[in-house]
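Notes follow once the structure below has been shown.
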Amino acid sequence: MKKKMSASSIVVYILCVIFAITIVVPVGWVFLASIKENSEFYGNPWALPKGFYFQNFIDAFEKANMGAYFVNSIMITALALIILLVVALPAAYVLARYKFKGSKFLNTAFMAGLFINVNYIVVPIFLMLVEGDKFLKKVFNVQFLINNRFMVALILASTALPFTIYLLSGFFVSIPKDYEEAAYVDGSGYFNTMVKIMMPMARPSIITVILFNFLSFWNEYIISMTLLTKQEYKTLPVGLMQLMQAQKAAANYGRLYAGLIIVMVPTLLLYIAVQKKLLEGMSLGGLKG
């Protein structure tokens, strides 16, 4: 039995090492390529850079307009996360802890939303907003549904609601009702109990939701490309795609890889910042289950 366990462990370790190499090596190569001068790409692509050529990042921010795209991505991602948490936390708590008329239908509707890919409905969303702008233009002489970062954040938060409510509801269900009953005995109302007792207990699950949705919102491409047509409103993934097309023609690879690093670094920093809490939340969920 020990021999079998040892052999299986070795196979698992080997597979983990292979998977790690397939992820770490390309990321490390992009980092090294981002600090190379353009002439270095015509030699050995795996050669180490001769120095730290920081001008690639300056050119990416200024000439390729990645700085403006970076600000747009931060604004849209932050707004989407705020809207999502404000709506999803109370909704998940109520659906998990209370039974009322229509609660089963709402749970079923949100579960059904897990199987809808937003890429398939982005065209109807775009047409609805275009028609809405036409109506606003005709009645109030204003247009703000297209090329509006808040609208993009609202749509991103809406598309993430089913998964977020599903995840948070599962955590709220696992919390014993004794905490709520003790709060009610002490005179706490429903809202105070939710905000001051239940939500702090769900912090690991909330951090997990924030991380997953941040990655989704930060890397989102289809909705931003469709609803933000003006250059000054574009996000990093859309700007990066334009940069890739431009740099392929100009053969300026250093600036291209610097743009890739600008997109990747925020997600890596966020993961490093919440890694401990994320693992803690996963282990707590496993123990409760």
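Side chain of T208 to main chain of P204: a donor-acceptor pair is present (N/O by atom type, distance under 3.5 Å, no hydrogens or angles). At distances below 3.5 Å, not a single donor-acceptor pair connects side-chain atoms of N219 with backbone N or O atoms of P237. Judged by distance alone, the side chain of W218 and the main-chain N or O of L236 form no donor-acceptor pair under 3.5 Å. A donor-acceptor contact shorter than 3.5 Å is absent between the side chain of S169 and the backbone of Y166. A donor-acceptor pair is defined here as one N or O able to donate and one able to accept, closer than 3.5 Å; such a pair exists between the side chain of S174 and the backbone of F171. The backbone N or O of K230 lies less than 3.5 Å from a partner atom in the side chain of N147, making a donor-acceptor pair.
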CA sep, side-chain torsions, deciding dist, call: F163, V209, side chain to side chain contact (heavy atoms under 4.5 Å, CB included): CA-CA 9 Å; F163 169 75; V209 163; 5.5 Å; no
Residues D133, L129; criterion side chain to side chain contact (heavy atoms under 4.5 Å, CB included); working and verdict: CA-CA 6 Å; D133 265 344; L129 296 181; 5.8 Å; no
Side chain to side chain contact (heavy atoms under 4.5 Å, CB included) assessment of L168 paired with I206: CA-CA 7 Å; L168 291 174; I206 294 172; 4.2 Å; yes
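When the shell of 6.0 Å around OH of Y98 is examined, it contains more than 12 heavy atoms from other residues, nucleotides or ligands. For F191, the CZ atom sits in a loose shell: 12 or fewer heavy atoms of surrounding residues, nucleotides or ligands are nearer than 6.0 Å. For F61, the CZ atom sits in a packed shell: over 12 heavy atoms of surrounding residues, nucleotides or ligands are nearer than 6.0 Å. Heavy atoms from other residues, nucleotides or ligands lying under 6.0 Å from OH of Y184 number more than 12. For F100, the CZ atom counts as densely surrounded, since its 6.0 Å shell holds more than 12 non-hydrogen atoms of other residues, nucleotides or ligands. Around CE of M128, the count of heavy atoms belonging to other residues, nucleotides or ligands within 6.0 Å does not exceed 12.
I222 and F214 fall within a single hydrophobic cluster, where Ile, Leu, Val, Met, Phe, Trp and Tyr are joined by side-chain heavy atoms under 4.5 Å apart, directly or via other members. Connection of I210 to I74 is established within a shared hydrophobic cluster, with ILVMFWY side chains joined at heavy-atom distances below 4.5 Å, either directly or through further cluster members. Both L114 and I155 are part of a single hydrophobic cluster, where members link through side-chain heavy atoms under 4.5 Å apart. Hydrophobic clustering (side-chain heavy atoms under 4.5 Å, transitive across Ile, Leu, Val, Met, Phe, Trp, Tyr) keeps Y120 apart from M111. No single ILVMFWY cluster, assembled from side-chain heavy atoms under 4.5 Å apart, contains both M75 and M151.
The other members of the hydrophobic cluster of V86, by chain and number, are I82 (side-chain heavy atoms under 4.5 Å, ILVMFWY only).
The minimum heavy-atom distance linking V238 with S224 is given by the pair CG2-CB, 4.0 Å. Between F110 and L161, the closest heavy-atom pair is CE2-CB, 4.5 Å. In plain terms, the two heavy atoms of K50 and E40 that are nearest each other are N-OE1, 3.1 Å. Here the closest non-hydrogen pair linking S103 and L95 is O-CD2, 4.1 Å. Listed here is the closest heavy atom pair of K234 and Y69: O-CD2, 3.3 Å. Residues I262 and M66 share a closest heavy-atom pair of CD1-CB, 4.2 Å.
Relative orientation of the F57 and F52 rings is parallel, given thresholds of 30° and 60° on the angle between their planes.
Counting heavy atoms from C-beta on, the side chains of L228 and N72 never come closer than 4.5 Å.
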